[in-house]
2 protein chains.
Amino acid sequence: MKQAARTRPLSPEPPDAANEDLPEAGHADDLIELLFFAYRDFVSDPDRILEEYGFGRAHHRVLHFVERNPGLTIAELLDILRITKQSLNRVLKELIETGYIEQRAGTSDRRHRLLTCTPRGRRLAEQLAEVQGERVRRALAEAGPAARGPASRFLLAMIDPTDRPGVSRLLAAAPPRPADEA
Amino acid sequence: MKQAARTRPLSPEPPDAANEDLPEAGHADDLIELLFFAYRDFVSDPDRILEEYGFGRAHHRVLHFVERNPGLTIAELLDILRITKQSLNRVLKELIETGYIEQRAGTSDRRHRLLTCTPRGRRLAEQLAEVQGERVRRALAEAGPAARGPASRFLLAMIDPTDRPGVSRLLAAAPPRPADEA
DNA sequence: GATTTACGTCAGCCTTGTTGACATATCTCA
DNA sequence: TGAGATATGTCAACAAGGCTGACGTAAATC
């Protein structure tokens, strides 16, 4: 891939004293690239499955968050995905027309569209979550289960501070999956 | 953003015994979503800067890896980015024509195009790396500096096993930045 | 009853990915 | 030396998924 050059410890084991006194100098670069590569492969598994259904990543994201948060409204989905309603509507319409997602009017406010997955939609969403979950579990097994807490905290801290409460609420609200296959 | 529902510890502190005996059951879902949100915000900083230059994310990726690995060839870049040569060529041509990247023929094999940044290209690449690095350092400071190792190992383990040696070589080969501003 | 809110939709544009085909320079090997 | 493989460049067409701007409608709010 590339001719090697210098050497530098890749994933620093518990820092053996010294050099821990510069906690925020340099070293950020590795995490930048790791995030790129990790994300690149992270989305590649679902991509392969989605292709069989004629869907793309945009459909995946919608399906995922609706499945994890039944009753989600359009506005909430827009806030999560950070795209325009026109972009959302394009893929959402397809998911509804092909019977993966259903709408119903809100009870307290009938202008709201409450989104839920159909059984078929749930199956696909779970299949997609399963391949991604498998990758995550494999990674945790390799990195050591103790890495889960720190990795979660790091990723949460990477999110814009303003959005963290919302994300935390979202995570807390989602039903825990039945130990996925395991 | 969303009406709260159940409660569940978000980023588990050192697990207080029990429940650590199912190290790979469930719990993967939070990391899936955290990765989505973290990446979403992670790329948003550069996006704002790139807009001023009339560039997009594709340009950023090319510029980044060329700056970090001077002398990179087209084939190596294609392997990193996982896109077609036509897609790469489109943005690369723009970066060359606008004077951000230079080509020269390889010495041992003159078919190779060795890519390097011009001073102007280096400045932009560093500016982009700086905003992302700032976010990473801020996140590490919040998550605790001890999270760096585990987070790095987790992200590396998320990468396809086949690619890890290449990624590690890439990380090791890149010149350590001069403690970025700090 | 006027205004605001939540959503739907039409039309057009841009970036960035794709495939397929073909051209050129250079290296390698028989 | 000549055949073939390799590294790259390029043209053309297309698709996904972002975007803006404008407009329409139903329901809530004041």
Side-chain angles (χ1 to χ4, degrees), chain A residues 1-2 36 39-40 43-44 46-64 66 71-98 101-115, chain B residues 1-2 36 39-40 43-44 46-64 66 71-98 101-115:
Chain A
M1 194 184 202
K2 179 79 177 26
F36 166 76
Y39 197 82
R40 183 195 68 177
V43 294
S44 72
D47 278 357
R48 280 184 284 272
I49 296 171
L50 290 159
E51 208 177 350
E52 303 168 19
Y53 292 79
F55 290 144
R57 289 181 196 178
H59 303 86
H60 180 198
R61 293 193 277 262
V62 171
L63 194 63
H64 174 90
V66 169
L72 207 61
T73 68
I74 303 289
E76 289 166 339
L77 204 40
L78 287 176
D79 190 49
I80 290 171
L81 302 176
R82 294 287 160 80
I83 58 176
T84 60
K85 63 177 175 178
Q86 294 91 329
S87 293
L88 171 57
N89 200 259
R90 183 164 38 203
V91 296
L92 181 56
K93 202 187 336 187
E94 288 173 8
L95 286 166
I96 290 173
E97 284 169 355
T98 49
I101 286 184
E102 279 177 341
Q103 284 186 332
R104 60 176 202 283
T107 49
S108 64
D109 187 335
R110 300 191 41 228
R111 288 171 304 178
H112 289 319
R113 301 281 173 264
L114 307 188
L115 304 169
Chain B
M1 194 183 200
K2 181 76 179 26
F36 166 76
Y39 196 83
R40 182 196 68 176
V43 294
S44 72
D47 278 357
R48 279 185 284 271
I49 296 171
L50 290 160
E51 207 176 349
E52 303 168 19
Y53 291 80
F55 290 144
R57 289 181 196 177
H59 303 87
H60 180 197
R61 292 193 277 263
V62 170
L63 193 63
H64 174 90
V66 169
L72 208 62
T73 68
I74 303 290
E76 290 165 339
L77 204 40
L78 287 175
D79 190 51
I80 290 172
L81 302 176
R82 295 286 160 79
I83 57 176
T84 59
K85 63 176 175 178
Q86 294 91 329
S87 294
L88 171 58
N89 201 260
R90 184 163 36 202
V91 296
L92 181 56
K93 201 182 347 180
E94 289 172 7
L95 286 167
I96 291 172
E97 284 169 355
T98 49
I101 287 184
E102 279 176 341
Q103 284 186 332
R104 60 176 199 282
T107 49
S108 64
D109 187 336
R110 303 191 40 226
R111 290 171 302 178
H112 289 318
R113 300 282 173 263
L114 307 188
L115 304 170

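Residue numbers start from 1 in every chain, and the chains themselves are labelled A, B, ... in the order their sequence lines are given, proteins ahead of strands.
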Novice: Taking A:I80's backbone N and O only, do any of them form a donor-acceptor pair with B:R40's side chain (distance below 3.5 Å, no angle check)?
Specialist: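 Judged by distance alone, yes, a pair lies under 3.5 Å.
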
Novice: Suppose we call a contact any N or O donor and acceptor under 3.5 Å apart; does that hold for the side chain of A:K85 and the base of C:dG8?
Specialist: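 Between C:dG8 and A:K85, which were checked side chain against base, a qualifying N/O pair under 3.5 Å is present.
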
Novice: Does any donor-acceptor pair link the side chain of B:R111 with the base of D:dT6 at a separation under 3.5 Å?
Specialist: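 Yes, the side chain and the base share a sub-3.5 Å donor-acceptor pair.
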
Novice: Would you kindly give the CG-to-P distance between A:L72 and C:dA6, to the nearest whole Å?
Specialist: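 A:L72 atom CG is separated from C:dA6 atom P by 14 Å.
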
Novice: Counting only side-chain heavy atoms from C-beta out, which of C:dC7, C:dT16, D:dA7 sits nearest to B:H112?
Specialist: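 Of C:dC7, C:dT16, D:dA7, D:dA7 is nearest to the side chain of B:H112.
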
Novice: I'd like to know if the side chain of B:R110 and the backbone of B:T107 have a donor-acceptor N/O pair within less than 3.5 Å.
Specialist: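 The answer is no, because no donor-acceptor pair under 3.5 Å joins these two groups.
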
Novice: Classify B:E51 by what it touches in the nucleic acid, base, sugar-phosphate, or nothing, heavy-atom distance under 4.0 Å.
Specialist: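 Contact class for B:E51: none.
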
Novice: Without decimals, in angstroms, what is the distance between B:L88 CG and C:dT15 P?
Specialist: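 So the two atoms are 17 Å apart, to the nearest Å.
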
Novice: Please pick, from C:dT16, C:dC27, D:dC19, the nucleotide with the shortest atom-to-atom distance to any side-chain atom of B:D109.
Specialist: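 Nucleotide nearest to B:D109's side chain: C:dC27.
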
Novice: Base, sugar-phosphate, or nothing: which does B:Q103 touch, judged by heavy atoms less than 4.0 Å apart?
Specialist: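 B:Q103: backbone/sugar contact only, no base atoms under 4.0 Å.
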
Novice: Please determine whether a side-chain nitrogen or oxygen atom of B:H59 lies at a distance below 4.0 Å from atom OP1 or OP2 of C:dT16.
Specialist: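 Indeed, a polar side-chain atom of B:H59 lies that close.
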
Novice: I want to check one thing: is the phosphate of D:dT8, taken as OP1 and OP2, less than 4.0 Å away from some side-chain N or O of B:Q86?
Specialist: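 Checking B:Q86 against D:dT8: no side-chain N or O falls below 4.0 Å of OP1 or OP2.
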
Novice: Does D:dG18 have OP1 or OP2 under 4.0 Å away from a side-chain N or O of A:T84?
Specialist: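 Result: no.
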
Novice: If you assign each of B:I74 and A:G106 to its closest nucleotide in DNA chain D, which residue comes earlier from the 5' end?
Specialist: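 In this pair, the answer is B:I74.
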
Novice: Rounded to the Å, how far apart are A:L81 CG and C:dC7 P?
Specialist: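 So the CG-P distance, A:L81 to C:dC7, works out to 13 Å.
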
Novice: In whole angstrom, give the distance that lies between atom NZ of A:K93 and atom P of C:dG8.
Specialist: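 Taking atom P of C:dG8 as the reference, NZ of A:K93 is at 10 Å.
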
Novice: Select one nucleotide: of D:dG9, D:dG18, C:dC7, the one nearest the side-chain heavy atoms of A:A58.
Specialist: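 Closest nucleotide to the A:A58 side chain: D:dG18.
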
Novice: Give the rounded distance in Å between these two atoms: CG of A:L114 and C1' of C:dA6.
Specialist: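 Distance check: A:L114 CG to C:dA6 C1' gives 12 Å.
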
Novice: Does B:R110 put a side-chain nitrogen or oxygen below 4.0 Å from OP1 or OP2 of C:dT26?
Specialist: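 For B:R110, the contact criterion (side-chain N or O under 4.0 Å from OP1 or OP2 of C:dT26) is met.
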
Novice: Return the orientation label for the A:F55 and A:Y53 ring planes: parallel under 30°, perpendicular over 60°, tilted otherwise.
Specialist: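 A:F55 and A:Y53: parallel rings.
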
Novice: If we check side-chain contact (heavy atoms from CB on, under 4.5 Å) with B:L115, which of these qualifies: B:I74, B:L63, B:T73, B:V62?
Specialist: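 Exactly one option meets the side-chain contact (heavy atoms from CB on, under 4.5 Å) with B:L115, and it is B:I74.
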
Novice: Tell me: CZ of A:R57 to C1' of C:dT15, nearest whole Å?
Specialist: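 Rounded to the whole Å, the gap is 14 Å.
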
Novice: Does the side chain of A:F36 reach to within under 4.5 Å of the side chain of B:L81, using non-hydrogen atoms?
Specialist: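 When only atoms from C-beta onward are counted, B:L81 and A:F36 do touch, with a gap below 4.5 Å.
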
Novice: Tell me the interatomic distance from A:L78, atom CG, to C:dT9, atom P, rounded to whole angstroms.
Specialist: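 Checked: the CG to P distance equals 14 Å.
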
Novice: Check this for me: does the side-chain of B:R90 come within 3.5 Å of the base of C:dG17 through a donor and an acceptor?
Specialist: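 When only heavy-atom distances are counted, B:R90 does reach the base of C:dG17 through a donor-acceptor pair under 3.5 Å.
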
Novice: Give the minimum heavy-atom separation between A:H60 and A:L50, together with the two atoms involved.
Specialist: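 Minimum heavy-atom contact is CB-CD1, 3.6 Å.
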
Novice: Taking for each residue the nucleotide of DNA chain C with the nearest heavy atom, is it B:R61 or A:A75 whose nucleotide lies nearer the 5' end?
Specialist: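 Comparing both residues, the 5'-ward one is A:A75.
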
Novice: Report yes if at least one side-chain N or O of A:S87 is closer than 4.0 Å to OP1 or OP2 of D:dC19; otherwise report no.
Specialist: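 Affirmative; the distance criterion is met.
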
Novice: Does a nitrogen or oxygen in the side chain of B:R40 sit under 4.0 Å from OP1 or OP2 of D:dG18?
Specialist: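 So the side chain of B:R40 is outside the cut-off, no N or O lying under 4.0 Å from OP1 or OP2 of D:dG18.
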
Novice: Between atom CG in B:L95 and atom P in D:dG9, what is the gap in whole Å?
Specialist: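 Value for this atom pair: 13 Å.
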
